[in-house]
A.B. asks: 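One structure, as structure tokens, below. Some questions next.
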Amino acid sequence: PRKIAEILVARLEAKASGVQEVSVAGPGFINMKLDPSWLDRVIPEVLAQDEAYGRSGYGAGHRVQVEFVSANPTGLPHMGNARGAALGDAIASLLDAAGYQVSREYYINDAGNQIEKFGQSLEARYLQELGQDAEFPEDGYHGQDVTDTVRGYIEKEGDGLLTEEPEKRRLILAEYALEEKLSHIREALTRFGVRYDNWFRESTLYETGAVEHTLEVLRSRGYVYESEGATWLAATKFGEEKDEVMIRQNGTYTYFAADIAYHLNKIERGFETLINVWGADHHGHVARMKGAMGALGQDPDRLEVVIMQLVRLFSGGEMLRMSKRTGRFVTLDELMDEVGVDAARYFFVMRSADSHLDFDMDLARSKTSDNPVFYVQYAHARVCSILRQSGVPDYGDGDVSLLTEPAERELTDRIARLPGTIVLAAQAREPHRMCTYAHELAGLFHSFYASCRVLGVEPELMKARLKLVDATRITLRNVLTLIGVSAPEKM
RNA sequence: GCGCCAGUAGCUCAGUUGGAUAGAGCAACGGACUUCUAAUCCGUAGGUCAGGGGUUCGAAUCCCUUCUGGCGUGCCA
């Protein structure tokens, strides 16, 4: 390889393209050293683009839908949902910045079995609250929030349901609770900084006949059969270990049947790529969902599922279990109260999705340097402080070629890498890379700060450095915005 | 049993898709505030990349295998 490299280098005419020097190194690498003036183009461009800096047209308007959180509206969003929210939103933002046309969606499971269970739980609490003897379903929702909801209902609507048909009673209570939960979920996610383009209700798939239609499509393609009183999907035909029930013996559709209809619906709405962010407890669903796409005659690769490993919550050195069933879990709201939105979002995005996340509440709660989000935010605050105190009304004519210190060059170099980093992170659907980038950029700025004074140096150099500082501000802010973390001007 | 994810410094984790001497943050140790925010910086120390085979010029990264932990393997969602 070295000899080949030498032959190539001898024939390269690099000077014309801004390359200062070409050399062979190591086992046969061809190193091209850019002309120092190459970096001088960076800062003016960043200042000119401002909020658009980092964005690119890489995705060429390709239509992508990101579906995330989609927590059952039978409870409040918990830590796992919070990770999904931070992750999904950041992935969507990354794709948007990389030039894709992105739509964020929340799938509301307002139909099916769990709603039935929800109704039973509500009914039991309702009766109990009104002094009746009612048995609480074993696999019901044990959370205190169910009782709270019921109390609120009684306060508003009274005890009229005592005389209602049980089935209708459950339906009324479930509908009431569903809307209440849903509005809490919206509020919590809004507070968390997440905005959805669409909230999609599972129930509409039944109302519009989409589920039946989907089943017909599958049937016509030879993937459906009847057995033991149930209707099955021949999943083994597309490589699954066993077939799956679509319609139960009791005539109701399974979650899987509705989910296939939902994904067909997404395709029909014109999304070219579908990205779902799911918890690890759903990973068994991935292969059969992709297989079902194929069975529908769609390209399975259009569906991508980002699986995130579960969150373990530690407080006071003790691990807390999270379960809606037992009702013992930390809600997204409680998390935001405890550690704030910025720390929470940074913590969730910081780690790659396929690592387990041990969320240390005590650490996130602490406002000390142990907390990595402060390191990055502090860099931004320092930047703003310099700009605020500079007293220089206009440094637009600053000459950035005066920036020759190693710390200045390294900082500029890293600033220049934002657009490429965003594209790579978007391609890989890995927003944690942006945290790594932000942390490195902040570190380079802190080093620069320690070795190069800005204010009070001779005027021409000061103006050049103010430009660099301003470009750092823009870059830090744009990265933080991308992951949903604020960029404070003072700390 | 089978499948997915993980195993990298004392701890928590990165590692740009197979490249050059494996990097950060905490924790430890030693330095730096008359000057733009010390929530910072500079330095020192810390490694059998879980173990073992293999692929090749070259492996933390790919393949096989063993071990450990988590999750899944429902006519639940």
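For the numbers below, each heavy atom of this structure counts, side chains included, while hydrogens, waters and symmetry mates do not. Lettering of chains follows the sequences in order, A, B, ..., and the numbering in each one begins at 1.
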A.B. asks: Would you classify Asp243(A) as touching base, sugar-phosphate or nothing, given that sugar-phosphate means primed atoms plus P, OP1 and OP2, and contacts are heavy atoms under 4.0 Å?
C.D. replies: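 No contact.
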A.B. asks: Name the orientation class of the two ring planes belonging to Tyr253(A) and Tyr206(A) (parallel below 30°, tilted from 30 to 60°, perpendicular beyond 60°).
C.D. replies: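 Ring orientation, 0 to 90° scale: tilted.
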A.B. asks: Taking only side-chain N and O atoms of Ser447(A), does any of them lie within less than 4.0 angstrom of OP1 or OP2 on U40(B)?
C.D. replies: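 No, outside the criterion.
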A.B. asks: Under 3.5 Å, is there an N or O donor on one side and an acceptor on the other linking the side chain of His439(A) and the base of G25(B)?
C.D. replies: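 Side chain to base: no pair present.
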A.B. asks: Any idea how Phe348(A) and Phe359(A) line up, ring-wise: parallel (<30°), tilted (30 to 60°), or perpendicular (>60°)?
C.D. replies: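 Phe348(A) and Phe359(A): tilted rings.
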A.B. asks: For the side chain of His432(A), counting heavy atoms from C-beta on, which of G70(B), A14(B), A6(B) is nearest?
C.D. replies: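 Given the options G70(B), A14(B), A6(B), the side chain of His432(A) is closest to A14(B).
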A.B. asks: State whether the distance check finds a donor on one side and an acceptor on the other, under 3.5 Å, for side chain His282(A) versus base A77(B).
C.D. replies: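 By the distance-only test, yes, there is a pair.
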A.B. asks: Could you identify the nucleotide paired to A22(B), looking across every strand shown and requiring Watson-Crick or G-U wobble geometry with both distances under 3.5 Å?
C.D. replies: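 The answer is none; no pair meets the criterion.
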A.B. asks: Who does C41(B) pair with, Watson-Crick or G-U, both distances under 3.5 Å?
C.D. replies: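 Checking every strand shown, C41(B) finds its partner in G31(B), with both distances under 3.5 Å.
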A.B. asks: Check Lys467(A) with Asp399(A), please: is the shortest side-chain N to carboxylate O separation under 4.0 Å?
C.D. replies: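 The answer is no: the pair does not qualify as a salt bridge.
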A.B. asks: Using a cut-off of 4.0 Å on non-hydrogen atoms, how would the nucleic acid contact of Ser352(A) be classed: base, sugar-phosphate, or nothing?
C.D. replies: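 Sugar-phosphate only.
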A.B. asks: If we take the C1' atom in both G18(B) and A59(B), what is their distance in whole Å?
C.D. replies: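 Per the computed distance, 7 Å lies between those C1' atoms.
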A.B. asks: Under 6.0 Å between ring centres, would you say that holds for Tyr106(A) and Phe200(A)?
C.D. replies: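 Not close enough - the centres of the two rings lie 6.0 Å or further apart.
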A.B. asks: Please report the interatomic distance CG(Asn81(A)) to CG(Leu332(A)), rounded to the nearest 0.5 Å.
C.D. replies: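 Rounded to the nearest 0.5 Å, the CG-CG separation comes out at 8.0 Å.
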A.B. asks: Name the nucleic acid region contacted by His283(A), choosing base, sugar-phosphate or nothing; use a 4.0 angstrom heavy-atom cut-off, strictly under.
C.D. replies: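 The residue His283(A) makes base contact.
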A.B. asks: Under 4.0 Å, counting only non-hydrogen atoms across every strand here, what does Gln377(A) touch: a base, just sugar-phosphate, or nothing?
C.D. replies: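 Answer is nothing: Gln377(A) stays at 4.0 Å or more from every strand.
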A.B. asks: Would you tabulate the pairs of protein nitrogen or oxygen atoms and nucleotide nitrogen or oxygen atoms of nucleotides 34-38 of chain B closer than 3.5 angstrom?
C.D. replies:
residue, atom, partner, partner atom, Å
U35(B), O2', Arg453(A), NH1, 3.4
U35(B), O2', Arg453(A), NH2, 3.2
C36(B), O4', Arg453(A), NH2, 3.1
C36(B), O3', Gln389(A), OE1, 3.3
C36(B), O3', Gln389(A), NE2, 3.4
C36(B), O2, Val454(A), N, 3.4
C36(B), O2, Leu455(A), N, 2.8
C36(B), N3, Val454(A), N, 3.1
C36(B), N4, Tyr449(A), O, 2.7
C36(B), N4, Cys452(A), O, 3.0
U37(B), OP1, Ser385(A), OG, 2.2
U37(B), OP1, Gln389(A), NE2, 3.1
U37(B), OP2, Ser385(A), OG, 3.1
U37(B), OP2, Gln389(A), NE2, 2.8
U37(B), O2', Tyr378(A), OH, 2.2
U37(B), O2', Arg382(A), NE, 2.9
U37(B), N3, Met491(A), O, 3.4
U37(B), O4, Met491(A), N, 3.0
A38(B), OP2, Arg382(A), NH2, 2.4

A.B. asks: What contact category does Ala428(A) fall into here, base, sugar-phosphate, or nothing, at under 4.0 angstrom with non-hydrogen atoms?
C.D. replies: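 Here Ala428(A) touches the bases of the nucleic acid.
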A.B. asks: Where does U17(B) land, syn or anti, once you apply the within-90°-of-0 test for syn?
C.D. replies: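 Syn, which is what one calls it when the glycosidic angle falls within 90° of 0.
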A.B. asks: With rounding to the closest Å, how many angstrom separate the P atoms on A77(B) and A60(B)?
C.D. replies: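 That atom pair is separated by 46 Å.
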A.B. asks: Given A77(B), U17(B), A14(B), identify the nucleotide with an atom nearest to the side chain of Arg351(A).
C.D. replies: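 It is A14(B).
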A.B. asks: Paired with C71(B): which nucleotide, if any, by Watson-Crick or G-U wobble criteria at under 3.5 Å for both distances?
C.D. replies: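 C71(B) is paired, partner G3(B).
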A.B. asks: Please report, rounded to the nearest Å, how far the P atom of A14(B) is from the CD atom of Glu430(A).
C.D. replies: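 Result: 10 Å.
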A.B. asks: Which residue lies toward the 5' end of RNA chain B, Phe256(A) or Ser355(A), if each is placed at its nearest nucleotide?
C.D. replies: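 This one resolves to Ser355(A).
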A.B. asks: Compare the minimum distances between each of C2(B), G74(B), G72(B) and the side chain of Glu241(A), then state the nucleotide with the smallest one.
C.D. replies: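 Of all the options, the side chain of Glu241(A) is nearest to C2(B).
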A.B. asks: Tell me which nucleotide, if any, is Watson-Crick or G-U wobble paired with A77(B) when both distances must be under 3.5 Å.
C.D. replies: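 Paired with A77(B), as far as the under-3.5 Å criterion goes, is no nucleotide at all.
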A.B. asks: Taking a pair as Watson-Crick or G-U wobble with both distances under 3.5 Å, which nucleotide is matched to G47(B)?
C.D. replies: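 In the structure as shown, G47(B) has no Watson-Crick or wobble partner.
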A.B. asks: Measure the distance from NE2 on His446(A) to C1' on C42(B) and round it to the nearest whole Å.
C.D. replies: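 Nearest whole value for this atom pair: 14 Å.
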A.B. asks: Under 6.0 Å between ring centres: does that hold for His285(A) and Trp278(A)?
C.D. replies: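 Here the rings of Trp278(A) and His285(A) have centres that are less than 6.0 Å from each other.
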A.B. asks: Send over the distance from Tyr346(A) OH to C13(B) C1', rounded to a whole Å.
C.D. replies: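 For the pair Tyr346(A) OH and C13(B) C1', the rounded distance is 12 Å.
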A.B. asks: Taking only the C1' atom of each, what is the distance from C33(B) to C42(B) in whole angstrom?
C.D. replies: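 These two C1' atoms come out 14 Å apart once rounded.
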A.B. asks: Taking atom C1' in both A28(B) and U21(B), compute the distance separating them and give it to the nearest angstrom.
C.D. replies: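 It works out to 25 Å between them.
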A.B. asks: Heavy-atom count check: over 12 atoms from other residues, nucleotides or ligands less than 6.0 Å from Glu167(A) CD?
C.D. replies: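 No, because the 6.0 Å sphere around CD of Glu167(A) holds 12 heavy atoms or fewer from other groups.
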A.B. asks: Ring centres under 6.0 Å, that's the criterion: do Tyr375(A) and His446(A) meet it?
C.D. replies: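 Ring centres of His446(A) and Tyr375(A) closer than 6.0 Å.
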A.B. asks: C33(B): syn or anti, with syn meaning chi within 90° of zero?
C.D. replies: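 Syn conformation for C33(B).
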A.B. asks: What about the rings of Tyr262(A) and Phe256(A), do their centers lie closer together than 6.0 Å?
C.D. replies: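 Here the rings of Phe256(A) and Tyr262(A) have centres that are no less than 6.0 Å from each other.
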A.B. asks: Answer yes or no: does a side-chain N or O of Arg288(A) lie under 4.0 Å from OP1 or OP2 of G72(B)?
C.D. replies: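 So the side-chain polar atoms of Arg288(A) never come under 4.0 Å of the phosphate oxygens OP1 or OP2 of G72(B).
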A.B. asks: Looking at every strand, decide which applies to Arg417(A) at a 4.0 Å heavy-atom threshold: base, sugar-phosphate, or nothing.
C.D. replies: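 Nothing, no nucleic acid heavy atom in range.
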A.B. asks: Please pick, from C71(B), C76(B), C75(B), the nucleotide with the shortest atom-to-atom distance to any side-chain atom of Ala280(A).
C.D. replies: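 Selected nucleotide: C71(B).
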